[in-house]
Amino acid sequence: QLQLVESGGGLVQPGGSLRLSCVASGFQLDFYAVGWFRQAPGKERQGLSCISGTDDNTYYAESVKGRFTISRDRYNNAVYLEMNSLKPEDSAVYYCAAATMVFPAFIATMTSPLYKYDYWGQGTPVTVSS
């Protein structure tokens with residue numbers, strides 16, 4: 001079965017950290033650009049960060065720049081999102097998505113809440129609260 005599976009979400013206090021994982025099964029993630037997104041109740045999907053499929057170039061939305069780090073693990077067929085200095089407004093369901101497209105085009109899709117990617121995970125919830 002071809003799918004992306006996210007994990008690593010949970011409850012964390014403000015200022016805390018979490019590392020989210022996005023693991024692909026049934027296909028090699030190496031050749032795909034992969035992005036992380038989130039959606040809070042009643043809000044549009046927000047693109048956070050993405051990594052290119054070939055040379056691991058990265059992009060970050062202003063809201064997470066300096067706090068979140070995206071990385072790729074080719075051995076484990078995974079992409080991670082390290083999240084630090086978490087704030088209550090970071091609470092949302094976090095998703096990863098993958099697509100075979102040139103990186104500038106993938107970056108452009110990050111601000112399109114309705115864009116449909118080749119693969120899309122089921123999400124992992126993150127709650128930042130004291």
Open item on the list: Walk me through whether Val12 and Ser17 qualify under side-chain contact (heavy atoms from CB on, under 4.5 Å).
Closed with: CA-CA 7 Å; Val12 63; Ser17 299; over 6 Å; no
- [ ] Take Gln13 and Val128 through the test side-chain contact (heavy atoms from CB on, under 4.5 Å) and record every step on the way to the result.
- [x] CA-CA 5 Å; Gln13 291 188 340; Val128 184; over 6 Å; no
TODO: Output, in order, the C-alpha distance, side-chain angles, deciding distance and verdict of side-chain contact (heavy atoms from CB on, under 4.5 Å) for Tyr119 and Tyr32.
DONE: CA-CA 10 Å; Tyr119 297 100; Tyr32 288 79; 3.6 Å; yes
Open item on the list: One pair to check against side-chain contact (heavy atoms from CB on, under 4.5 Å): Val23 and Asn76. What are the steps and the verdict?
Closed with: CA-CA 8 Å; Val23 179; Asn76 289 306; over 6 Å; no
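Following chains of ILVMFWY side-chain contacts shorter than 4.5 Å, one can reach Phe68 starting from Val79, so the two form part of one hydrophobic cluster. By the criterion of side-chain heavy atoms lying less than 4.5 angstrom apart, applied directly or through intervening Ile, Leu, Val, Met, Phe, Trp or Tyr residues, Leu48 is grouped together with Tyr60 in one hydrophobic cluster.
Scanning both residues, Ser130 and Pro14, for their nearest heavy atoms gives N-CD, 3.7 Å. Counting all heavy atoms, side chain and backbone alike, Leu4 lies closest to Cys22 at CD2-SG, 3.9 Å. Shown here for Ala33 and Phe103, the closest heavy-atom pair between the two residues is CB-CD1, 4.4 Å. Taking each heavy atom of Leu86 and Leu18 in turn, the nearest pair found is CD1-N, 3.9 Å.
Looking at heavy atoms from C-beta onward, Met83 lies out of side-chain contact with Asp90 at the 4.5 angstrom threshold.
Outside the 6.0 Å centre-distance limit, the rings of Phe106 and Tyr59 are not counted as a close aromatic pair.
Side-chain contact annotation: Asp73 with Tyr80, donor-acceptor N/O pair under 3.5 Å present. Of the N and O atoms on the side chains of Ser63 and Glu89, not one donor lies less than 3.5 Å from an acceptor on the other residue. A side-chain N or O of Arg38 and one of Gln46 form a donor-acceptor pair less than 3.5 Å apart.
Among residues two or more places apart in sequence or in another chain, the ring pair (Phe, Tyr, Trp, His ring centres under 6.0 Å) test is passed with Tyr94 by none.
Pairs of residues two or more places apart, or lying in two chains, that qualify as salt bridge (charged side-chain N to carboxylate O under 4.0 Å, His left out) and include a residue from residues 50-60 are Asp56-Arg72, Asp56-Arg74.
Between Phe37 and the options Tyr117, Tyr115, Tyr95, a ring-ring contact (aromatic ring centres under 6.0 Å, His included) holds for only Tyr117.
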